[in-house]
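Notes for the one structure printed next.
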Amino acid sequence: MAQIGQILVDVPTMQTNDPYSYAIPAEWEHQLQAGMRVIVPFGRGHRMVDGVVVGVSDVTSFDGTLKPIEAVLDLSPVLNEELQRLADWLADETFAFRITCIQTMLPNLLKTKTEREIAPLAAITPAEKAQYFPDGEPRPFDPDKLDDGTVANLLKLQRAGKVTVLYHVKNQAAAKTTVGVAPLLPPAKLAEIQATVAKRAPKQADLLAYLQQMVPKQPQPQAKVVKAAGISSAVINTGAEKGWLEKSTLEVYRDPFHQPVKPTQPLTLNPDQAKAVTAITAAIDGDETQNFLVEGVTGSGKTEVYLQSIAVALRQKRTALMLVPEIALTPQMVNRVKARFGEQVAVLHSGLSKGEQYDEWRRIDSGAATVVVGARSAVFAPVKNVGLIIMDEEHESSYKQDETPRYHARDVALWRGKYNHCPVVLGSATPSLESRARAAKGLYTRLVLPKRVNDRPLPTVHIVDMREEMKSIGDSDFSTPLVSAIQERLDRHEQVVLMLNRRGYSSFVMCRDCGFVLKCPNCDISLTLHMDSHSMKCHYCGHEEAIPKICPNCHSHKIRYYGTGTQKVETALQAQFPTARILRMDVDSTRRKGSHERILKQFGNHEADILLGTQMIAKGLDYPNVTLVGVLNADTALGLPDFRASERTFQLLTQVSGRAGRSTKPGEVFIQTFNPDHYAIQLAQSQDYERFFVTEMAMRHQGSYPPYYFAVQVTASHEDEAVAAKAMYQIVDALKLDLSDQAIVLGPTPKAIARVKRKYYYQVVIKYKNEPDLKAGLEQIRQAAQIPARHGLAVTIDPEPMNFM
DNA sequence: CCGCTTGAAATA
DNA sequence: ATTTCAAGCGGT
């Protein structure tokens, strides 16, 4: 009986979200497996698309003639059983297309690219041929690059049977290769030949000697043989001609670690750490899935707990997956894992080239790498037999992907933990309210590390009331206490970290006469001043224009800059402390690849006294000489229309405070704020996470917000504001039919930034506890959104959105 | 009445 | 996503 393959085609639409049946050609019978990539004809022409096999069977419910699979791209599945099931779950959970989920899980290089060419056929007239094919050859066909008239004419010729479209599907997944050399003869035979080679061919003798101590049929890179045997490549060629050895193509792995790291040994644990490791170890051994929330103050040695737990999993011949928020921001963490576990560590993140990503992926897939460290998408790493999953800084919002599939890596990690019967360890100094609440309900086992290692004290935190300070210092960014604290550190040759909280805040231009603010023509947000490029830039769409000298509205010359940017602060800071060496770290100074690490390294080497940066400096820095942390504006995020504003502020302040006093010297923190009485700021001062948790939970309860309620956000966008708004109202009306009166519907409302990239955004947020029909209702919305999607109306569904704005 | 434009439907 | 099919409309 002929086999039939169930193929998910790479056409992300609702109509093609279910697999199509294809005949499996005889040569692939019993070879083709679910999880392999294929190329199939799809559509009435001879169009080829790529697809993924999701099943192989003998029957199909489709009664028509099956087309055969055109080509098979993999010799073994690129998605194992676990990842196939995960893809289905993910699609269901996030309202995304199944093929989109699969693409998200695979490294970029495994996505095939289709190229089209248009070629003349026999029926074409000489005049037409001369016009469209001047050199008589097929030409690339990309409707986006050709003008509309040409495209229309070519399509007309196609209908007339005068030209045809050719498809070329390219598999980009080319492994980097090098020439390999392997002995063809057994060592004894080689020794025999060595005795007979001419005296004037000493290099051939050297080669033979080297080949003898190689394992037959095990190729080594030619470059290595050349170097080790002290010969030139010409001798290798001679050896190949004489049949001593065989040259082959050898796959090499690109190594993303550019510098070697010194190996480390496990450190001695304090009692709290030891207790945590013991609990996690027991869970790795046990069959029941038990998950943990490790709540450790900054500097409490969470990383060592992770590392020793990973070691336990490895000892049991299992693998470990460790997630970190953004790898570029935490090079120190990666280095520590690499130092402990060496070669078996694979690193996955967007800073690697596509080739490097693919190679790391293959090392994991082949089992060569057993410890994976990576950012969000590494949660899909093809590790098998996982023994432990760790998510560091679990509260970080970067774990949530804000494009389809809108998954949260935490949920995926928990799914995989359950599948693999292994514990998931969520770690943070300031856990998300969701996770802490789940721990309170007993869903996670809480492991608390209340003390810093070696009993170092937490830094002393001072709150500076900027309302008072303004009276004496005017609109300077530095309060008197902070200035003297900085001066003290400069005198003592200690280092300072200054953070400028820029979330929801930037330097904009405003006219003092009429109040006009320069805005982006495409998006409804104010443009930000950039002194380095002498221009105004939009941070949403990249629009750039000249700095105005007169107000475009009232022609006044009193158009001035308001707000504070890192560049402006840097200038002011340098004026205040002329001798201080200042390093600036923000989106602009770290745009180039590797510049981030370079800045951190410079600071670590004490090539600068002050590190000034945005929230990206709050994470993971561990520099013993830093004894002062200053937060210039703590409360810019507090006013944002987002129920997580307090939580984010508290987390940020606690994280950044933890950068001070990591070594023997005590640390001090100054938080400048206009809201000194706000509980998020007060409790960040006492670094009292538990009090914050209780207080904030009360707020959430009062406002019916997560974690008391689930939330789902539906957004509609269109160039025409009325179209977006109308669509949103229709969606809400439809959804209300599926909701009980327990559910709370917020909106429809325009988004806080109503217009981005020339599109207007309207949204609705539904808060609910138990709505059995909601999922089906949302599914219907998704179905219905297919048709107007072609008219530029985009509808997205985001379960548990991170941004309510 | 035909050809062209435009939108909907099908793709195995 | 791309192609084919079908309906609408303006010119012959």
Side-chain angles (χ1 to χ4, degrees), chain A residues 1-26 28-29 32 34 36-72 91 96-104 111-119 121 140-170 172 403-405 718 720 723 727 782-795:
Chain A
M1 162 122 19
Q3 280 192 307
I4 292 159
Q6 307 301 324
I7 315 292
L8 219 44
V9 293
D10 182 19
V11 178
T13 64
M14 207 61 226
Q15 303 104 301
T16 54
N17 203 25
D18 286 314
Y20 284 66
S21 299
Y22 282 86
I24 300 177
W28 287 102
E29 289 257 320
L32 194 74
M36 291 183 180
R37 295 170 307 142
V38 292
I39 293 167
V40 290
F42 190 72
R44 261 171 259 221
H46 34 19
R47 177 186 174 206
M48 295 293 163
V49 300
D50 52 308
V52 176
V53 184
V54 292
V56 173
S57 58
D58 294 327
V59 288
T60 173
S61 55
F62 176 71
D63 58 342
T65 335
L66 296 184
K67 288 185 182 175
I69 290 169
E70 172 80 11
V72 178
F97 302 120
R98 292 169 74 184
I99 193 68
T100 312
C101 293
I102 289 175
Q103 301 277 26
T104 306
K111 290 167 201 161
T112 50
K113 272 209 309 231
T114 322
E115 280 176 3
R116 289 190 294 173
E117 270 188 335
I118 199 146
L121 289 176
F141 182 60
D142 183 351
D144 295 337
K145 284 189 189 144
L146 297 168
D147 65 272
D148 288 353
T150 311
V151 172
N153 289 340
L154 285 171
L155 290 176
K156 213 180 291 173
L157 290 176
Q158 190 193 9
R159 273 195 298 276
K162 290 178 175 173
V163 300
T164 187
V165 180
L166 306 172
Y167 296 86
H168 304 282
V169 181
K170 277 203 309 207
Q172 300 182 80
E403 55 190 56
T404 46
H718 193 272
D720 182 349
V723 174
R782 189 156 78 109
Q783 287 280 357
Q786 275 298 118
I787 296 118
R790 285 189 284 262
H791 305 292
L793 178 75
V795 175

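Nucleic acid contact class of A:Y22 (heavy atoms, under 4.0 Å, all strands): sugar-phosphate only. Across all strands shown, A:T60 has no heavy atoms under 4.0 Å from either base or sugar-phosphate atoms.
Summarising the geometry, the separation between CD1 on A:I99 and C1' on B:dT11 is reported as 15 Å, rounded to the nearest angstrom. In this structure, A:Y20 places its OH atom 5 Å from C1' of B:dT11, rounding to the nearest Å. A:R44 has its CZ atom 15 Å from the C1' atom of C:dA1, to the nearest Å. Atom CZ of A:F97 is separated from atom P of C:dA1 by 9 Å (rounded to the nearest Å). Rounded to a whole Å, the CE atom of A:M14 is 16 Å from the P atom of B:dA9. Straight-line distance from the CG atom of A:L8 to the C1' atom of B:dT11: 14 Å, rounded to whole Å. In this structure, A:K67 places its NZ atom 4 Å from P of B:dA12, rounding to the nearest Å. Rounded to whole Å, the distance from CG on A:D50 to P on C:dT2 is 12 Å.
Judged purely by atom type and a 3.5 angstrom limit, A:Q783 has no side-chain atom pairing as donor or acceptor with the backbone of A:M14. Here the side chain of A:Y22 pairs a donor or acceptor atom with the backbone of A:P41 at under 3.5 angstrom.
The minimum heavy-atom distance between A:L8 and A:I99, with the atom names listed, is O-CD1, 3.8 Å.
Within 3.5 Å, a donor on the side chain of A:R47 pairs with an acceptor on the base of C:dA1, or the reverse.
The side chain to side chain contact (heavy atoms under 4.5 Å, CB included) check on A:T65 picks up nothing, with sequence neighbours excluded.
In this structure, A:F62 forms an aromatic stack with the base of B:dA12, since both conditions hold: centre separation below 5.5 Å and plane angle below 30°.
When each of C:dA1, B:dA12, C:dT4 is scored by its nearest atom to the side-chain atoms of A:V11, the top-ranked nucleotide is C:dA1.
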